[in-house]
Structures are given as C-alpha cells and as structure tokens.
Amino acid sequence: MLVNCAVYERGKKVADIAQEEIHLHLGKPERFVWVALRDPTQEELEDMQVEFGLHELAVEDALHGHQRPKIEEYGDCLFTVLRTVELVEGADSREGEVNIFIGTDYVLSIRKRTQRGFSMVRDRCEREPHLLKEGPGYVLYALMDTVVDGYFPVIEALEDELENIEQRIFEGGPARRNVEALYVLKRKLMVLRHAAGPLHEATSKLYGGRVPAVTVGTQEYFRDVHDHLFRINQSIDSLRDMLNTAMTVNISLVTVHESETMKRLAAYAALVAVPTMIAGIYGMNFDVMPELRWSFGYPLAMAVMFGVDAYLFYRFRKAGWI
C-alpha cells in the first residue's frame, strides 16, 4: 500500500501528490519525489518500476524480499537493502526488511514485515531543510541511520537477558532450562549479526574512494553510520564470546554437580559396605569360628561396625564428600 508520496524542492516540502502526478515532478532541478510503500503488491512495484525506470533485477529482489543487506548500483539508481530487528516479549526476534531505491530526483522506500514505520524519519528530514537540500542521498542516510540506531536497544536487551541467565546459572537453576535459554539468546544474536555484519561492509562504498553520484556531498554522514555499525559488530562479537563462555560455565557446573553427587553416593556406599562385610562374615553358618559362642561377640561386632563407620564418616566429611 502507498503510505506517503510527496515532492521536495531545495530541502522544503512542496506538497503531497497523487501517484499519477509523480512523472510531472521528475527531472526538475533541485526537486525530488519521496514515495513510501508498505508490503506492496507486484502490481504496485511494477507501476513504480515504470514511473522511475527501475532495473528489473532490483525490482525482483524487492518483490521477493529476504535479501542479504547490500548496496548495489544500477546506472544512476542506487538500490539498498536493510534489515530491521525488533525484540518481541516471550518470542524470538522479529526481522523486517527495508528496500530503498534512490536516484537523482526520487526516493522510493519499501518496508516489509515491520511494525514500526518511518514517519519520524520524514519529520526529522523536514525539520532540517538545510540538510534535506542535499537531496535523495541525505534521505538514504536518514533511513539507514534510523535502522542502525534501532540495533543498539536490541544489543542492550540481549546483554540484560544474558546477565539474567548467568545469575540463574550460578544460583543453581535447572541446567536444561539454562541451556535452552542460552540457545534462544544465541539465535537472537545471530539474527542481529546477519543484519549488521553485511551492512557494515556495504556502507564503506558510500564514503570512501569512488562513491555513487547520488551520495556525493553526504559522505561524512555515511561515515558516521559506518562507525556505528563498527561499534555494533564489536558489541555482537563481545556478546557472542560471553555467550560461549556462559555455555561452557553451565556445562562445567553441571559436571561439578554430577561429580559431587557421585562422591556422596560413593561415601554412603562405603558406610553401608563395612557393616555388610562384617555381618556377611558372621552369617556364613560355620560351626567353628572365632568368638562364635563368645557372649561379648555380638556387642563387639556392632561396636566395630559403628566405630569403622564413624571413622569413615569423619574422613568423608572432612574431605567434603558428604
């Protein structure tokens, strides 16, 4: 569906226009059209392809979606794919996609599977006409900056979630539950990594060396986005290392707990084995045995059993086995 369609000139909004009027404003100096679509149909994309002269391969990518973050040039058109990441309470990460076509006189933004819109980006650009006069290149920066800034709250939420899991691990929470929580967290982290990692590499095309014509004059802004992505990827790597460490610690604590359990079982087995051995000897039913008919034989046997068990219990307790 068509969300918005407006024309801008020298950084200021001229008017909202109908889709049928787009061609009337193309090709005019210092003027561009900004069209926003949400989950468009094939017919809507084909109409925009005809209107702006978009490359068929880029339109095909935008239509099918699920693309890797990238920035590609098709003549004077720059095609950008971004991924949005949102955390949903009690569920995995929700991943959306934003496709952006920019030319010298137009911006076409397409968002899919995202709940959050970009009206705030439009408002921000309209409040900064001295920057918006840079044209479609600045609009691309504003959209990328908003998407990238949305990664920081996700990282903070994942860090808080990891701290809670670590606390449960050291408090002796159920091992299975901890492992499941760690793997869910790892899956969320990989979603964020797949969104930020490729985009960090692609953004370098927009500020260093030969840059596309539509972004000339805005290189410093894209350098700022590149720096943010660098910080995000560093945080992702650090969080991944901490996650792997937490998994190792959880497994180690499970092993230690099992070892402690085996020690206790072995200690209690030893305490039972000594009386069993003594009682077994005197239960062999031989007629001739030492102290067999001795009146103090039974009390002495019981005393030896209790004495040996008491000594073993003392030694096991001192060793920390029980």
Side-chain angles (χ1 to χ4, degrees), residues 1-56 58-59 62-63 71 73-82 84 96-150 206 212-222 225:
M1 60 175 290
L2 180 66
V3 178
N4 211 324
C5 182
V7 59
Y8 296 83
E9 185 174 355
R10 297 179 183 178
K12 296 182 179 180
K13 182 176 180 179
V14 176
D16 291 315
I17 61 175
Q19 181 177 336
E20 296 76 15
E21 302 175 6
I22 292 177
H23 67 280
L24 300 176
H25 300 275
L26 297 178
K28 295 185 178 182
E30 298 185 352
R31 178 178 290 195
F32 70 92
V33 177
W34 183 354
V35 180
L37 299 177
R38 175 185 176 185
D39 297 317
T41 63
Q42 182 174 352
E43 291 75 15
E44 288 175 325
L45 274 180
E46 289 175 351
D47 291 341
M48 291 299 166
Q49 179 182 5
V50 174
E51 199 74 52
F52 297 119
L54 305 177
H55 196 281
E56 59 181 5
V59 173
L63 178 62
I71 298 175
E73 289 185 74
Y74 293 93
D76 294 333
C77 174
L78 194 66
F79 175 59
T80 303
V81 178
L82 310 175
T84 61
E97 187 173 312
V98 180
N99 301 312
I100 307 170
F101 297 85
I102 67 169
T104 56
D105 53 1
Y106 66 87
V107 177
L108 173 61
S109 61
I110 304 168
R111 61 186 179 96
K112 298 181 177 180
R113 306 183 305 279
T114 61
Q115 298 297 321
R116 182 182 178 186
F118 294 103
S119 59
M120 80 292 293
V121 179
R122 189 180 294 270
D123 294 339
R124 167 189 171 184
C125 291
E126 292 177 357
R127 289 194 305 267
E128 301 173 332
H130 60 290
L131 297 175
L132 187 57
K133 69 180 182 180
E134 295 291 344
Y138 181 75
V139 176
L140 174 62
Y141 154 74
L143 291 169
M144 290 182 64
D145 186 56
T146 300
V147 171
V148 171
D149 286 348
L206 302 179
V214 291
T215 61
V216 172
T218 55
Q219 293 97 319
E220 62 271 19
Y221 298 105
F222 291 108
V225 174

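All values below were derived from every heavy atom in this structure, side-chain atoms included, with hydrogens, water molecules and symmetry-related copies excluded.
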ask   = Do T218 and L140 have side chains that get closer than 4.5 Å, going by heavy atoms?
value = no
request  = Taking side chain to side chain donor-acceptor pair (under 3.5 Å) as the test, write out the residues that go with R38, two or more places apart.
outcome  = none
remark   = Sorted by chain and number, sequence neighbours left out, salt bridge (Lys or Arg N to Asp or Glu O under 4.0 Å) with E44 holds for none
ask   = Do V98 and L143 come close enough that some side-chain heavy atom pair is under 4.5 Å?
value = no
inquiry  = Under the rule for side chain to side chain contact (heavy atoms under 4.5 Å, CB included), what residues qualify as partners of L131, not counting sequence neighbours?
reply    = E128, Y138, Y221
task = Taking the side chain as every heavy atom from C-beta outward, state whether L45 and I110 have any pair of such atoms under 4.5 Å apart.
result = yes
message = If we ignore hydrogens and angles and just use 3.5 Å, is the side chain of S109 paired with the main-chain N or O of I100 as donor and acceptor?
response = no
remark   = T104 meets the side chain to side chain contact (heavy atoms under 4.5 Å, CB included) criterion, sequence neighbours left out, with V214
ask   = E46: what forms a salt bridge (Lys or Arg N to Asp or Glu O under 4.0 Å) with it, not counting sequence neighbours?
value = none
key: Nearest atoms (heavy-atom pairs only) where L132 meets G11   = CD2-O, 3.5 Å
ask   = Does K13 have any side chain to side chain donor-acceptor pair (under 3.5 Å) partners at least two apart in sequence or in another chain, and if so, which?
value = D16
request  = Can you run down the salt bridge (charged side-chain N to carboxylate O under 4.0 Å, His left out) pairs that involve residues 129-138, sequence neighbours left out, and say none if there aren't any?
outcome  = none
query = Looking only at heavy atoms, what is the nearest atom pair of R113 and D39, with distance?
reply = N-OD1, 3.3 Å
Non-neighbouring partners of E51 that pass side chain to side chain contact (heavy atoms under 4.5 Å, CB included), sequence neighbours left out = I22, H23
query = Any idea which heavy atoms bring F32 and G135 closest together, and the distance?
reply = CE2-CA, 3.9 Å
request  = Using salt bridge (Lys or Arg N to Asp or Glu O under 4.0 Å) as the criterion, list what pairs up with E21, not counting sequence neighbours.
outcome  = none
request  = Check whether any side-chain heavy atom of N99 sits under 4.5 Å from a side-chain heavy atom of T80, and report yes or no.
outcome  = no
key: Side chain to side chain, V33 and L26, heavy atoms closer than 4.5 Å   = yes
message = Please enumerate all residues that pass side chain to side chain contact (heavy atoms under 4.5 Å, CB included) together with D145, with sequence neighbours excluded.
response = R124, Y141, D149, D224, V225, H228
ask   = Taking side chain as C-beta onward, heavy atoms only, is H55 less than 4.5 Å from V59?
value = no
task = Taking the side chain as every heavy atom from C-beta outward, state whether M48 and V35 have any atom pair closer than 4.5 Å.
result = yes
Close side-chain approach of Y8 to V14, heavy-atom, < 4.5 Å = no
message = Show, in sequence, the C-alpha distance, side-chain angles and deciding distance for E97 and T84, and conclude whether the side-chain contact (heavy atoms from CB on, under 4.5 Å) test is met.
response = CA-CA 6 Å; E97 187 173 312; T84 61; over 6 Å; no
task = Would you check if the side chain of D105 reaches a backbone N or O of G27 as a donor-acceptor pair within less than 3.5 Å?
result = yes
request  = Tell me, please, which residues at least two apart from Y106 pass side chain to side chain donor-acceptor pair (under 3.5 Å).
outcome  = none
ask   = Quick one: side chain to side chain donor-acceptor pair (under 3.5 Å) partners of T146, sequence neighbours excluded?
value = none
